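Have a look at the structure below before the remarks.
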Protein chains: 2
Amino acid sequence: MTEDARDEVDRLVAAWRAERPDLDVEPLQVLSRVSRLAKHLDRARRAAFAEHDLEPWEFDVLTALRRAGRPYELSPGTLLRATLVTSGTMTNRIDRLAQAGLVRRRPDPEDRRGVLVSLTETGLARVDAAFSDLLRREHNLLSGLGPDDQRLLAALLRTLLAPFDAS
Amino acid sequence: MTEDARDEVDRLVAAWRAERPDLDVEPLQVLSRVSRLAKHLDRARRAAFAEHDLEPWEFDVLTALRRAGRPYELSPGTLLRATLVTSGTMTNRIDRLAQAGLVRRRPDPEDRRGVLVSLTETGLARVDAAFSDLLRREHNLLSGLGPDDQRLLAALLRTLLAPFDAS
DNA sequence: GTGTACTGTCTTGACATCGAGATATCTCTC
DNA sequence: GAGAGATATCTCGATGTCAAGACAGTACAC
């Protein structure tokens, strides 16, 4: 390990080794970095969305609808599974997005328990603008890695995710 | 790309390509996986800590103190920088940890604005137990990758984190 | 058809976080 | 040594989330 490539996690691992030499703290080298990187990504995303007057949670819901393709319409249940939040949270989110004029709610004609949520014109335009902006920023974040390294990294991460996606 | 190695993110990327063929969505292959993996890790950690009657936020604070070494004492300011939360949050956390008997607060003898927070015996025992349990679980999560792949993954992540740690 | 279990959505109350600002103290410059 | 700015911590109000449960409607076995 070269001395000039130390980051916060290297320091954290060194501290643990000094305090708990009995434990194998190697897993932190990978998993702490994943958590920390995710935290930084959240902040970067927040900044990107702010320029489009969107909160991250708004973006989450809008992109799920956008990705679904025309007519950009999904049920709350589908949305909460796509975004990994609870039903109470999703109800609240849809309420506020509807209030903001970004989505619309209508009764499901095929299931009277159900509701269908769809993007408005405004919502569609807003999410498209925010998404391409986000991609531009993410492209920059990855500029430290060449295309081959990016593919390699993606493949390694996919291996780690496999057990979770299975469930 | 082999057909049998698709995960949620591959599906997500495929959906975007269909809807927005004009955009380069490759960055998602890496960064979406980082975010998703972090979310799953949070859940796994929560489960691990529950067996030791600790919340993730409690663990965060206690490990920072534990890592500092004897006498396991740091200022709130140092703690909030280590855990990436705001000062209001840290005050609240310390209040509750003190109430639970896991940490102790005392005035800093060298700076009358300051406070020093230290682990109690109970806090030390609790965090040590939870930490070795966590490492055992994280070791399992990484069992899909050989030692070389783990080192490779750690190195690639370090490269991505570098710009953030610099700031 | 009737009853039972399941599903989809919403309501409610508790809670951890954040952001902005208040207060007290320290530090540095002149 | 006085004043300006920086630093350390805490307070307060707003907010987004979750967990548990309520309620309406559906599906399936018999």
Side-chain angles (χ1 to χ4, degrees), chain A residues 35 38-40 42-47 49-50 53-62 64-65 68 73-100 102-118, chain B residues 35 38-40 42-47 49-50 53-62 64-65 68 73-100 102-118:
Chain A
S35 293
K39 203 146 191 167
H40 288 302
D42 276 348
R43 303 205 166 178
R45 292 189 351 142
R46 184 175 297 273
F49 301 153
D53 264 312
L54 285 177
E55 298 294 322
W57 63 262
E58 295 179 301
F59 184 81
D60 271 356
V61 178
L62 297 180
L65 290 167
E73 185 167 61
L74 294 171
S75 69
T78 306
L79 283 170
L80 69 90
R81 280 183 291 276
T83 54
L84 303 177
V85 298
T86 61
S87 63
T89 299
M90 187 51 67
T91 298
N92 187 16
R93 287 183 173 189
I94 295 168
D95 285 349
R96 286 173 286 155
L97 284 169
Q99 183 114 30
L102 302 176
V103 307
R104 210 185 339 260
R105 231 196 289 234
R106 71 179 176 107
D108 184 337
E110 317 223 308
D111 183 338
R112 266 179 294 181
R113 295 167 304 182
V115 168
L116 291 172
V117 179
S118 60
Chain B
S35 293
K39 203 147 191 167
H40 288 302
D42 276 348
R43 304 204 167 179
R45 292 189 351 142
R46 184 176 296 273
F49 301 152
D53 264 311
L54 286 177
E55 297 293 322
W57 63 262
E58 295 179 301
F59 183 81
D60 271 355
V61 178
L62 297 180
L65 290 168
E73 185 166 62
L74 294 171
S75 70
T78 307
L79 283 170
L80 69 89
R81 279 184 291 275
T83 55
L84 303 177
V85 300
T86 61
S87 62
T89 299
M90 187 52 67
T91 297
N92 187 17
R93 285 184 174 188
I94 295 168
D95 284 349
R96 286 173 287 155
L97 284 169
Q99 182 116 30
L102 302 176
V103 306
R104 211 184 337 259
R105 231 195 289 234
R106 71 180 176 108
D108 183 338
E110 317 222 308
D111 184 339
R112 266 180 296 181
R113 296 167 302 181
V115 168
L116 291 173
V117 180
S118 60

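Convention: sequence-line order gives letters A, B, ...; per-chain numbering from 1. Note that this is a predicted model, so its numbers are computed, not measured. Below, all heavy atoms of this structure are taken into account, side chains as well, without hydrogens, waters or symmetry copies.
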Validation: residues 78-88 of chain B side-chain donor-acceptor distances under 3.5 Å, sequence neighbours left out:
residue  : atom : partner  : partner atom : Å
Thr78(B) : OG1  : Ser75(B) : OG           : 2.9
Thr83(B) : OG1  : Leu79(B) : O            : 2.8
Thr86(B) : OG1  : Thr89(B) : OG1          : 3.1

Residue closer to the 5' end of DNA chain D, Ile94(B) versus Glu110(A) (nearest nucleotide):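 Upstream on the strand: Ile94(B).
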
Span of DNA chain C, from the first to the last nucleotide whose atoms fall under 4.0 Å of chain A heavy atoms: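 First-to-last contact on DNA chain C, by the 4.0 Å heavy-atom rule, is dT7(C) to dT11(C).
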
Sequence-distant partners of Asp53(A), side-chain hydrogen bond (donor to acceptor under 3.5 Å, both in side chains), two or more places apart: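 Testing Asp53(A) for side-chain hydrogen bond (donor to acceptor under 3.5 Å, both in side chains), a comparison that skips the adjacent residues, returns none.
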
Nearest atoms (heavy-atom pairs only) where Leu65(A) meets Val117(A):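 The pair with the smallest heavy-atom distance is CD2-O, 3.4 Å.
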
Pairing residues for [X] by the side-chain contact (heavy atoms from CB on, under 4.5 Å) criterion, not counting sequence neighbours:
| X | result |
| --- | --- |
| Arg104(A) | Ser118(A), Thr120(A) |
| Asp95(B) | Thr91(B), Arg105(B) |
| Arg106(B) | Glu73(B), Pro109(B), Leu116(B) |
| Pro107(A) | none |

Could you work out, with salt bridge (Lys or Arg N to Asp or Glu O under 4.0 Å) as the rule, every residue matching [X], not counting sequence neighbours?
| X | value |
| --- | --- |
| Arg46(B) | Glu55(B) |
| Arg96(A) | none |
| Asp108(A) | none |

The helix from dG1(C)-dC30(D) to dC30(C)-dG1(D): angle between end helix axes, five pairs per end, rounded to 10 degrees: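 About 30°, once rounded to a multiple of 10°.
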
Sugar-phosphate or base contact per nucleotide [nucleotides 14-21 of chain D; S, B, -; heavy atom under 4.0 Å]: --SBBS--

